2 protein chains.
Amino acid sequence: MARAGSKAFPVPEHDHAACIGDAMAMAEDLCRENGLRFTRLRRQVFELVWTSHAPLGAYDLLAMLNERGQRAAPMTIYRALDFLMAHGLVHRLNSRNAYIGCNHPGDGHAGQFLICRDCGRVAEIEERRIAEAVRDGASRAGFDVRLPVIEIEGQCFDCRGARHG
Amino acid sequence: MARAGSKAFPVPEHDHAACIGDAMAMAEDLCRENGLRFTRLRRQVFELVWTSHAPLGAYDLLAMLNERGQRAAPMTIYRALDFLMAHGLVHRLNSRNAYIGCNHPGDGHAGQFLICRDCGRVAEIEERRIAEAVRDGASRAGFDVRLPVIEIEGQCFDCRGARHG
DNA sequence: TTTGTTATGTTATAATATAGCAATAAGGGT
DNA sequence: ACCCTTATTGCTATATTATAACATAACAAA
């Protein structure tokens with residue numbers, strides 16, 4: 001393949017409309033199958049979250065929403081985000097106070113995030129070996145893992161390329 | 001041994017004065033060896049952080065400090081915490097907006113934290129296998145790890161015992 | 001249509017964190 | 001000791017992120 005291991009971060013010039021489209025379709029399906037109400041507001045917020053592969057703050061989303069003619073208050077956004085997070089459609093990045101779309105939801109699945117220092121983009125990965133190592137390491141301390149959150153700051157393939165050739 | 005694998009979390013009835021004493025001595029050493037100024041304020045904040053094995057918020061620390069006769073503003077606490085964090089004496093728990101003392105410092109070492117849902121206590125672990133799994137998993141996505149932060153929510157040995165016998 | 005439930009609107013406020021500048025204290029050379 | 005420089009602290013204001021509390025509206029089931 002052209003770019004070994006670069007699947008998690010989309011190439012800069014990718015078709016982002018397709019990302020959004022796929023995410024929306026997936027969310028529609030999930031909500032239909034689970035009898036959840038994917039209301040206009042929730043749909044809008046979800047779409048806004050997906051405008052970028054970098055996480056967006058709640059007040060960023062609020063501003064974007066209101067630029068589209070709405071006049072929502074902070075609560076409105078937070079409630080929509082709560083719904084989306086509860087069903088795994090969006091994740092919160094604790095280290096950034098910001099929110100990122102998820103493309104393989106499922107209630108409350110734990111996150112492993114790669115956060116690029118340079119471009120700010122975030123990729124979610126799902127490595128069994130990490131989850132296993134966490135479970136084992138915790139159990140050595142007599143600890144029962146419920147919700148492991150892994151936020152890995154570093155440098156993505158594209159940004160490393162930009163610097164080091 | 002009496003309680004397999006329970007090293008990370010101290011037993012509830014442990015001698016906490018010794019925890020504080022050890023931490024203070026260690027911090028003194030570290031600062032002396034590195035020519036850092038462990039001022040009265042920083043010392044106080046560090047001691048306050050160590051009053052509990054559960055993380056404390058910046059404003060909690062502020063209140064505690066001011067109860068001791070000082071009249072500090074938020075900035076004061078944040079600056080002291082910044083210093084302590086820069087030298088690995090304290091860590092911030094992103095998932096809680098709270099701060100916890102570290103007993104094996106060293107500039108900017110990355111954290112692996114076990115956070116008990118029930119008692120709120122936090123134990124820091126240092127599992128090579130976790131760090132390795134993270135590095136490997138990230139590199140499969142072409143990502144260069146700089147600062148992995150792992151916050152694992154769950155249930156500690158003591159709290160599990162309290163429920164399940 | 002009534003009723004119970006879920007979702008949204010609205011106002012106020014809590015909780016966490018930083019900016020910016022003045023005053024003070026600590027070290028280093030002379 | 002003195003001056004100079006830098007690091008630290010004090011202080012006021014303000015930014016940023018998030019929640020409380022209660023009213024209204026939409027929906028869905030009986």
Side-chain angles (χ1 to χ4, degrees), chain A residues 27-28 30-32 34-49 54-66 68-87 89-100 107 120 149 151, chain B residues 27-28 30-49 54-66 68-87 89-100 107 120 151:
Chain A
E28 298 280 4
L30 181 107
C31 290
R32 188 162 1 83
N34 292 89
L36 303 171
R37 291 163 61 182
F38 200 37
T39 64
R40 176 179 155 73
L41 175 67
R42 289 166 177 173
R43 206 180 306 263
Q44 280 185 296
V45 173
F46 185 66
E47 202 172 352
L48 288 173
V49 166
L56 296 167
Y59 280 75
D60 294 335
L61 294 166
L62 179 59
M64 292 162 83
L65 187 64
N66 285 341
R68 292 191 173 183
Q70 217 131 337
R71 68 222 94 179
M75 269 314 295
T76 304
I77 289 286
Y78 282 106
R79 282 194 287 225
L81 288 172
D82 284 346
F83 169 86
L84 296 169
M85 284 191 289
H87 303 293
L89 292 165
V90 157
H91 295 292
R92 178 172 200 277
L93 289 162
N94 290 324
S95 61
R96 303 274 170 135
N97 297 338
Y99 304 83
I100 189 88
D107 286 26
V149 172
E151 301 189 11
Chain B
E28 299 280 4
L30 180 107
C31 289
R32 187 164 0 84
E33 285 166 20
N34 293 89
L36 304 171
R37 291 162 63 183
F38 200 37
T39 63
R40 177 179 152 73
L41 175 67
R42 289 165 178 174
R43 205 180 307 263
Q44 281 185 295
V45 172
F46 185 66
E47 202 172 351
L48 288 173
V49 166
L56 295 168
Y59 282 74
D60 294 335
L61 294 166
L62 180 59
M64 291 162 84
L65 188 65
N66 286 341
R68 292 190 173 185
Q70 216 132 340
R71 232 161 327 213
M75 266 317 292
T76 304
I77 288 288
Y78 282 107
R79 282 194 286 224
L81 288 171
D82 283 346
F83 170 87
L84 295 169
M85 284 191 290
H87 303 292
L89 292 165
V90 157
H91 294 292
R92 177 173 202 276
L93 289 162
N94 290 323
S95 61
R96 303 272 171 135
N97 297 338
Y99 304 83
I100 189 89
D107 286 25
E151 300 189 12

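Lettering of chains follows the sequences in order, A, B, ..., and the numbering in each one begins at 1. Just so you know, these numbers come straight off a predicted model, no measurement behind them.
What separates NE2 of His87(A) from C1' of dT6(C) is a distance of 12 Å, to the nearest Å. Between Asp82(A) atom CG and dT6(C) atom P there is a gap of 16 Å when expressed in whole angstrom units. If you take CG of Leu62(B) and P of dT16(C), they are 11 Å apart, rounded to a whole angstrom. Going from atom CZ of Arg42(A) over to atom C1' of dA26(D) covers 12 Å, rounded to whole Å. Atom-to-atom, CZ of Phe83(A) to C1' of dC27(D) comes out at 14 Å; the value is rounded to the nearest Å. For the pair Leu93(A) CG and dT17(D) C1', the interatomic distance rounds to 15 Å; values are reported in whole Å. Distance, Arg40(A) CZ to dT6(C) C1': 19 Å, rounded to whole Å. When the C1' atom of dT5(C) is taken as reference, atom CG of Leu36(A) falls 15 Å away, rounded to whole Å.
The side-chain heavy atoms of Glu151(A) and Glu151(B), taken from C-beta on, include no pair separated by under 4.5 Å. Leu56(B) has its side chain within reach of Met64(B): a pair of non-hydrogen atoms, C-beta onward, lies under 4.5 Å apart. No side-chain heavy atom of Thr76(A) sits under 4.5 Å from any side-chain heavy atom of Val45(A).
Between Thr39(B) and dA26(C) there is no side-chain polar atom (N or O) within less than 4.0 angstrom of OP1 or OP2.
The residue among Ala73(B) and Leu41(B) whose nearest nucleotide of DNA chain D lies closer to the 5′ end is Leu41(B). Mapping Arg37(B) and Met75(B) onto DNA chain C by nearest heavy atom places Met75(B) at the nucleotide closer to the 5' end.
Using a 4.0 Å heavy-atom criterion, one finds that Arg79(A) contacts the bases of the nucleic acid, with or without backbone contacts as well. Here Tyr99(B) lies in heavy-atom contact (under 4.0 Å) with sugar-phosphate atoms only.
With dT16(C), dT17(D), dA20(D) as the choices, the nucleotide that has an atom nearest any side-chain atom of Tyr78(B) turns out to be dT16(C). Distances from the side chain of Asn97(B) to the nucleotides dT16(C), dG10(D), dT10(C) place dT16(C) closest.
Within a 6.0 Å radius of CZ in Arg71(B), other residues, nucleotides and ligands contribute 12 heavy atoms or fewer.
You cannot call Tyr59(A) stacked on the base of dT16(D); the centres under 5.5 Å and planes under 30° rule is not satisfied.
Contact record, Leu65(B) with Ala72(B): CD2-CB, 3.8 Å, taken as the closest heavy-atom pair.
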